[in-house]
Structures are given as structure tokens and as C-alpha cells.
Asker: 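Quick one: the structure is below, questions incoming.
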Amino acid sequence: MPKKYINTATNHPVMRGLLIGGAIGLIASWFGYPPGRSLFLGFLAGLLAGLTRIAIDRQRRKK
């Protein structure tokens with residue numbers, strides 16, 4: 001894991017993705033989507049976004 005992500009827990013891409021994805025998932029529940037399902041799907045999307053960000057950073061460091 002790159003040292004730039006170790007400094008703070010909220011600066012880590014996966015943590016940021018989970019927080020933002022969960023928030024967007026709960027916003028979806030305002031429009032009639034089941035809250036539990038929307039929260040789960042938001043967390044899942046945020047997790048995948050965070051992992052994608054880490055993969056992109058690793059590829060950029062190789063070049």
C-alpha cells in the first residue's frame with residue numbers, strides 16, 4: 001500500500017468510496033428504493049470505485 005494512503009484512514013480510496021457510496025445509496029432511498037438494498041448497493045459501488053482508484057494509481061507508478 002502506498003505511504004500516501006497510510007497517513008489518515010479517511011484519505012484511503014476504499015474508505016472514501018464506502019462513505020460516498022453509502023451516502024448516495026441512502027439518497028436513492030428518498031426516491032422509493034428500499035433503504036437496506038440501496039445502502040448495500042451503494043457500499044458495493046463505493047468499494048469497487050476505491051479498488052479501481054488503487055489499481056489506477058499502481059499503473060501510473062509503473063510508468
Side-chain angles (χ1 to χ4, degrees):
M1 183 177 306
K3 289 188 178 193
K4 66 180 180 177
Y5 295 141
I6 296 175
N7 293 338
T8 61
T10 56
N11 194 27
H12 196 277
V14 174
M15 182 59 74
R16 271 191 295 173
L18 287 173
L19 290 172
I20 293 171
I24 291 173
L26 287 179
I27 290 172
S29 70
W30 294 350
F31 300 103
Y33 209 69
R37 186 174 182 171
S38 64
L39 183 65
F40 172 74
L41 291 175
F43 280 156
L44 182 63
L47 176 69
L48 294 175
L51 293 175
T52 302
R53 182 64 195 179
I54 290 173
I56 290 170
D57 287 346
R58 285 185 181 166
Q59 283 183 346
R60 286 183 181 167
R61 276 190 286 140
K62 286 182 181 178
K63 292 182 179 181

Asker: May I have the list of side-chain donor-acceptor pairs in residues 19-33 shorter than 3.5 Å, sequence neighbours left out?
Answerer:
{"from": "S29", "atom 1": "OG", "to": "L26", "atom 2": "O", "distance (Å)": "2.5"}

Asker: How long is the gap from CG on L44 to CG on L39, to the nearest 0.5 Å?
Answerer: 11.5 Å
Asker: Going only through I, L, V, M, F, W and Y residues with side-chain contacts under 4.5 Å, is there a path from L41 to V14?
Answerer: no
Asker: So, taking the atom named CG in L51 and the one named CG in L47, what distance separates them when rounded to the nearest 0.5 Å?
Answerer: 4.5 Å
